[in-house]
Number of protein chains: 2
Amino acid sequence: MPETTAPSATFSPLYQQIKALLLNSLQSGEWQPGDPIPSEMELAARYEVSQGTVRKAVDELATENLLIRQQGKGTFVASHHSEAWQYRFFSLMPDSGKKAPLKSHFLSCNQSKAAAKIAALLKLTASDSVIQIDRLQSVAGQVTVFEQIWLPQQRFNGMTLEHLESWPGPLYAFYESEFATHMVRAEEKIKAIAAEATIAKHLKLEPGSPLLLVERISYTYGNKPVEIRRAHYNTQQQHYENKLN
Amino acid sequence: MPETTAPSATFSPLYQQIKALLLNSLQSGEWQPGDPIPSEMELAARYEVSQGTVRKAVDELATENLLIRQQGKGTFVASHHSEAWQYRFFSLMPDSGKKAPLKSHFLSCNQSKAAAKIAALLKLTASDSVIQIDRLQSVAGQVTVFEQIWLPQQRFNGMTLEHLESWPGPLYAFYESEFATHMVRAEEKIKAIAAEATIAKHLKLEPGSPLLLVERISYTYGNKPVEIRRAHYNTQQQHYENKLN
DNA sequence: CAGTGGTCTAGACCACTTC
DNA sequence: AAGTGGTCTAGACCACTGC
């Protein structure tokens with residue numbers, strides 16, 4: 001007499017296994033950001049499954065924004081270099097509606113032992129080093145953002161202030177090209193706080209002015225946290241936009 | 001010799017047409033929130049397409065959170081009454097991590113002509129009336145939210161303060177049961193502001209304290225805006241949480 | 001015209017729920 | 001055992017891109 005309650009606690013459909021294999025190829029760098037992955041027919045042959053099964057695996061990775069499908073052309077590894085991704089994770093919009101471009105001004109880029117809080121968030125040990133970047137961002141000539149960024153030193157080894165200042169595009173494109181680190185998702189915690197003196201000075205505001213504090217953890221492939229941000233937004237002319245579905 | 005560039009600007013796949021039909025049935029109230037919709041086989045027969053085509057249409061509505069699939073049981077119309085949806089659209093979390101339940105205290109519920117701004121957001125004309133609700137919300141005995149809500153009078157006809165006070169659950173469940181209005185999605189704009197005197201008093205804070213201002217537009221079926229909220233959050237013990245994918 | 005992703009079908013079988 | 005959603009296949013055809 002067989003068991004009455006089937007085990008099956010570990011049932012995993014084929015397409016999920018294919019998805020895991022595709023993820024491996026992305027994580028290992030077999031396919032680089034911006035590059036096309038093999039066609040569905042080729043993948044089906046490689047993994048010895050039907051095209052429909054590959055399709056479902058790719059579909060999920062596409063809705064997770066790891067892959068980009070383009071009918072007639074192919075399926076591509078998502079990249080922060082593409083036009084459409086410039087504002088990937090950037091939710092601040094002008095109240096007026098017209099987007100003005102952002103301008104970065106880097107203040108510093110230093111290396112040190114990780115503070116306990118930062119080490120915990122990045123899942124580092126107390127002996128590991130981190131790189132800290134401070135910068136300002138301006139919208140339409142107005143200083144709007146003061147931002148502190150922490151990165152694991154090991155992954156971003158060799159980053160310097162000069163290096164940052166000579167990079168023309170967004171930071172995430174910089175990480176991708178120069179440090180082979182592509183960001184996949186992020187989590188943010190938001191508060192309203194009163195500006196401290198030093199930050200108020202940077203943003204040309206009175207101390208005590210209300211600021212939006214945005215703390216972000218960004219993850220690369222495999223749910224690995226690789227960047228901490230602590231940003232202060234002046235939201236007098238801007239607002240943080242969010243869609244709830 | 002046929003045209004070189006095919007027209008086809010209006011090509012719409014079958015499953016999209018099925019999706020539109022399903023949406024009609026939801027919007028018309030043929031299937032009520034919480035109820036099961038017909039099985040995939042029945043729908044396939046009704047629309048004279050294959051099960052796979054129905055499936056793809058239902059899949060999209062499920063990922064848009066309009067339908068809920070449950071293997072072995074059926075597919076159900078999403079409802080704000082279900083446990084899992086209590087915190088639909090509510091992004092405020094205690095810093096400590098443990099969720100405490102919310103308690104509502106309604107201050108007023110009045111009817112008046114719509115102000116120009118509100119009328120525009122709700123897509124009403126200047127002669128239309130709106131209902132305005134003011135309320136406070138407390139977390140763990142602490143007054144945390146002051147909220148103003150505007151609703152089109154026509155759709156929410158007959159709402160009173162007593163009515164609101166006697167309702168035990170979340171507002172969106174109230175709208176759903178009492179006014180046949182199910183919310184499908186929402187958009188929020190967030191700023192940090194200094195508390196005005198009257199609001200500070202409600203939240204038991206000093207005037208000028210930093211508050212999170214959250215302005216929300218909620219939509220029902222057919223992208224129809226039917227609720228405006230203007231909420232002030234005290235984020236000393238709480239934060240607004242957001243996941244970027 | 002060939003190659004890519006996108007749609008649609010029909011049928012078989014699996015996993016889960018309910019009776 | 002019957003009914004539901006979930007997976008997988010094989011094959012045909014469509015829409016779009018680029019050569």
Side-chain angles (χ1 to χ4, degrees), chain A residues 1-22 31 34-78 82 84, chain B residues 1-22 31 34-78 82 84:
Chain A
M1 184 181 176
E3 308 95 310
T4 51
T5 54
S8 83
T10 44
F11 167 72
S12 168
L14 233 191
Y15 77 89
Q16 287 289 359
Q17 301 173 39
I18 306 298
K19 186 182 169 188
L21 292 173
L22 296 175
W31 306 318
D35 286 350
I37 69 171
S39 76
E40 293 180 352
M41 295 301 273
E42 285 179 275
L43 291 171
R46 175 194 308 198
Y47 301 125
E48 296 181 291
V49 298
S50 77
Q51 189 206 9
T53 300
V54 168
R55 195 164 181 70
K56 185 143 193 195
V58 171
D59 274 345
E60 289 210 352
L61 292 170
T63 59
E64 289 169 24
N65 292 313
L66 299 193
L67 296 176
I68 311 289
R69 315 192 76 140
Q70 289 186 234
Q71 181 173 142
K73 297 174 76 172
T75 300
F76 299 80
V77 181
S82 71
Chain B
M1 184 179 174
E3 307 94 310
T4 51
T5 53
S8 84
T10 45
F11 166 72
S12 166
L14 233 192
Y15 77 89
Q16 287 288 0
Q17 301 173 39
I18 305 299
K19 185 182 168 186
L21 293 173
L22 295 174
W31 307 319
D35 286 351
I37 69 170
S39 75
E40 293 180 353
M41 294 301 271
E42 285 179 273
L43 291 171
R46 178 198 298 200
Y47 300 125
E48 296 182 290
V49 298
S50 78
Q51 190 206 7
T53 300
V54 168
R55 193 163 183 69
K56 186 145 192 192
V58 171
D59 273 346
E60 288 209 353
L61 292 170
T63 59
E64 289 170 24
N65 293 312
L66 300 193
L67 295 176
I68 311 289
R69 315 192 74 138
Q70 290 187 227
Q71 178 171 144
K73 296 173 76 171
T75 301
F76 300 80
V77 181
S82 72

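Note on naming: letters A, B, ... go to the chains in the order of the sequence lines (proteins, then strands), and numbering restarts at 1 for each one.
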Which whole-number value in Å describes the distance from Gln51(A) CD to dG6(C) C1'? 9 Å

N/O contacts under 3.5 Å, protein versus nucleotides 1-3 of chain D?
{"residue": "dG3(D)", "atom": "N2", "partner": "Gly72(B)", "partner atom": "O", "Å": "3.0"}

Test your reading of the model: is there a side-chain donor-acceptor pair from Gln17(A) to the backbone of Ser12(A), 3.5 Å cut-off? yes

Which is more 5' along DNA chain D, the nucleotide nearest Gln70(B) or the one nearest Ser12(A)? Just name the residue. Gln70(B)

Atom pair CG (Leu61(A)) and CD1 (Ile18(A)), whose distance is rounded to the nearest 0.5 Å: 11.5 Å

Could you report the tightest heavy-atom contact between Thr53(A) and Tyr15(A), atom names first, then the distance? O-CB, 3.7 Å

Identify whether any heavy atom of Val58(A) sits under 4.0 Å from a base atom; if not, whether one sits that close to sugar-phosphate; answer base, sugar-phosphate or nothing. nothing

Whole-Å distance separating the CG atom of Leu14(A) from the P atom of dT7(D): 11 Å

Closest non-hydrogen atom pair between Leu22(A) and Ala57(A), with its separation: CD1-CB, 4.0 Å

So do Arg69(A) and Asp59(A) actually touch side chain to side chain, heavy atoms under 4.5 Å? yes

Expressed as a whole number of angstroms, how long is the span from Gln17(A):CD to dT7(D):P? 12 Å

Interatomic distance, Arg69(B) CZ vs dT4(D) P [rounded to whole Å]: 13 Å

Quick one: pull up CD in Glu40(B) and CD1 in Ile37(B) and give me the separation to the nearest 0.5 Å. 8.0 Å

If only atom types and distance count, is the side chain of Gln16(B) paired as donor or acceptor with the main-chain N or O of Pro13(B) below 3.5 Å? no

Determine: side-chain N/O of Arg55(A) to OP1/OP2 of dG5(C), distance under 4.0 Å, yes or no. no

Within the pair Thr53(B) and dT7(C), is there a side-chain N or O less than 4.0 Å away from OP1 or OP2? no

Between Lys56(A) and dC8(D), is there a side-chain N or O to OP1/OP2 distance below 4.0 Å? no

How many whole angstroms separate atom CG of Asp59(A) from atom P of dT7(D)? 12 Å

Below 4.0 angstrom from OP1 or OP2 of dG5(D), is there any side-chain N or O of Thr75(B)? yes

Choose from dC8(D), dT4(D), dT9(D) the nucleotide whose nearest atom is closest to any side-chain atom of Val49(A). dT9(D)

